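Everything on this sheet refers to the single structure shown next.
Just so it is clear, the model here is predicted, and its values are computed rather than measured.
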Amino acid sequence: MERVRECFNQIYLSWKIMLSTVFLLACLILGFHNSERLRRTGLSNIPRQLYELSTDYGSKLYDYQARIRMPKVKMELLRVGSHNLESNSQEILSLTKQIDILKALLKDIKTKMDNYYLLNANAEASGKQDDSDITNEEMVILVNYVLKKLREDQVQMADYALKSAGASIVEAGTSESYKNDKAKLYWHGIGFLSYEMPPDVILQPDVHPGKCWAFPGSKGHTIIKLARKITPTAVTMEHISEKISPSGNTSSAPKDFSVYGLKEECKGEEIFLGQFMYNKKGTSVQTFHLQNEVSEYLLCVKLKILNNWGHPKYTCLYRFRVHGKPENDGLGAP
């Protein structure tokens, strides 16, 4: 009986060891299987997720750098475009002035030729012979006249409000410029920069459509520091004619205006010099002799625009000149 019990205990212990071994092997196999699946799924997703994150970050970084570079590109395009536009505008202005002068000269030549043919016909009718030397002499005179008109300035007086000679605008005594939302520079159809002509454009000789200083409404003013002290005697105002105006009219041109003198500090007491009217139906360049001439030398002049020719939004001033007698300081022209 005792022997049977020992055999039974040995068999039970063997089965227990076997079951424990099987259970341990099952746990090992299950753990290995789970670790393999985790390696195939979870661990393998980590590099892909890192790659996706790095790609997304790189794309955003590139877009940000592109946005930073874009204004530089736009400004460079703007600079080049402005330079080309300025060069072309100056050439167009020069050609336009020469064309106007040549038209007037051709009209004069036509009149002279008509008179010549009339005289020649009368001479032939009376039996007189015409001398060809007279025709050659007239042609030489006409050629010299054309060359003279092309070279000379219409006003024939020194402009002491000329920017290139040293004159400047006193910003503190000048009206604000007109801001037009439609006046934008475009790049690929997107408006990105508003622009307007500065006040000192009125101190420059380049006068062509659009190159004017515009201020809101019909009343405005500006103070000009002259190139040197003078006793002012006259002023000249210039505007484009209706013939070359893109809108076909010049209602934004100044009409009534007044001029005042200021002393060295360009402020303080204003000395009235005169009030005038720019006639838009007249010549484009109009000179006005001052009504109240002063004996003292002045460095600054104030221009007040009192109204325009009917434009409801703004007034455009193309060029304003100041003439006079310079102070005798021993300095000549440069």
Side-chain angles (χ1 to χ4, degrees), residues 82 86 89-90 93-94 97 152-178 196-208 210-215 220-240 253-254 257-276 278 284-306 315-334:
S82 299
E86 182 72 19
S89 298
Q90 291 179 359
L93 172 64
S94 177
K97 288 184 176 179
E152 71 182 10
D153 182 78
Q154 298 180 33
V155 178
Q156 292 292 295
M157 286 189 289
D159 177 18
Y160 295 97
L162 186 65
K163 181 180 179 181
S164 59
S168 60
I169 294 291
V170 180
E171 296 288 344
T174 300
S175 300
E176 293 186 0
S177 299
Y178 175 73
E196 62 262 348
M197 291 293 175
D200 64 1
V201 73
I202 68 174
L203 309 182
Q204 303 178 49
D206 297 335
V207 179
H208 57 269
K211 191 167 185 180
C212 63
W213 172 52
F215 55 84
H221 57 273
T222 183
I223 294 179
I224 302 170
K225 185 177 181 181
L226 304 176
R228 61 185 302 181
K229 289 184 178 180
I230 64 169
T231 53
T233 57
V235 295
T236 297
M237 184 170 288
E238 185 173 356
H239 199 276
I240 61 172
F257 65 96
S258 56
V259 181
Y260 299 82
L262 299 171
K263 296 187 178 181
E264 291 187 15
E265 299 299 325
C266 292
K267 58 184 179 180
E269 181 184 358
E270 298 179 355
I271 305 172
F272 178 74
L273 302 178
Q275 182 172 326
F276 314 96
Y278 179 85
S284 59
V285 181
Q286 300 176 24
T287 299
F288 307 90
H289 292 279
L290 299 180
Q291 301 163 349
N292 182 28
E293 295 188 8
V294 294
S295 58
E296 58 184 316
Y297 293 104
L298 302 175
L299 184 62
C300 300
V301 167
K302 184 172 185 177
L303 169 64
K304 290 184 178 180
I305 306 299
L306 306 178
T315 302
C316 275
L317 184 58
Y318 275 84
R319 188 181 180 189
F320 185 73
R321 313 185 206 185
V322 180
H323 316 292
K325 299 176 183 178
E327 183 180 19
N328 186 17
D329 55 6
L331 298 177

Taking every heavy atom of Q291 against every heavy atom of Q275, the minimum-distance pair comes out as NE2-O, 2.8 Å

One should read off an interatomic distance between L290 CG and H323 NE2, to the nearest 0.5 angstrom, of 9.5 Å

Smallest heavy-atom separation, A161 atom then I224 atom, equals CB-CG2, 4.0 Å

d(Y178 OH, M197 CE) to nearest 0.5 Å is 15.0 Å

Using the ring of each side chain (for Trp, its six-membered ring), is H239 parallel, tilted or perpendicular to Y278, with breaks at 30° and 60°? tilted

Point to revise | Parallel, tilted or perpendicular: rings of F257 and F276 (30°, 60°) | key: tilted

Step by step, would you call L299 with K225 a side chain to side chain contact (heavy atoms under 4.5 Å, CB included)? CA-CA 6 Å; L299 184 62; K225 185 177 181 181; 3.8 Å; yes

One should read off an interatomic distance between S175 OG and I223 CD1, to the nearest 0.5 angstrom, of 10.0 Å

Taken to the nearest 0.5 Å, the spacing of M157 CE from T287 OG1 works out to 4.5 Å

Discussion item. Using the rule given for side chain to side chain contact (heavy atoms under 4.5 Å, CB included), can you reason through I169 versus W213, listing the C-alpha separation, both sets of side-chain angles and the distance that settles it, and then say yes or no?
Written reply: CA-CA 12 Å; I169 294 291; W213 172 52; over 6 Å; no

I'd like to know if the side chain of R228 and the backbone of E327 have a donor-acceptor N/O pair within less than 3.5 Å. yes

For L306 and S258, the nearest pair of non-hydrogen atoms, with its separation, is CD2-OG, 4.2 Å

Inset, instruction - Go through the steps to decide whether F215 and I305 satisfy the test side chain to side chain contact (heavy atoms under 4.5 Å, CB included), and finish with yes or no. - result: CA-CA 10 Å; F215 55 84; I305 306 299; 3.8 Å; yes

Smallest heavy-atom separation, M237 atom then L317 atom, equals CE-CD1, 3.9 Å

_Do S177 and P199 have side chains that approach each other closer than 4.5 Å (heavy atoms only, starting at C-beta)?_
yes

Whether over 12 other heavy atoms sit under 6.0 Å from E296 CD:
yes

In D206, D159, D200, the residue satisfying salt bridge (charged side-chain N to carboxylate O under 4.0 Å, His left out) with R319 is D159

- request: Mind running side chain to side chain contact (heavy atoms under 4.5 Å, CB included) on L298 and L226 for me, showing each step along the way?
  value: CA-CA 8 Å; L298 302 175; L226 304 176; 5.6 Å; no

Shortest non-hydrogen pair, Y260 vs K304, comes out as CE1-CD, 3.6 Å

Between the NZ atom in K267 and the CG atom in L262, the distance rounded to the nearest 0.5 Å is 11.0 Å

One should read off an interatomic distance between I202 CD1 and Y318 OH, to the nearest 0.5 angstrom, of 13.5 Å

Please check this pair: side chain of Q204 against backbone of K163, looking for a donor-acceptor N/O pair closer than 3.5 Å. no

What one should report as the nearest heavy-atom pair of I240 and H208 is CG2-C, 4.3 Å

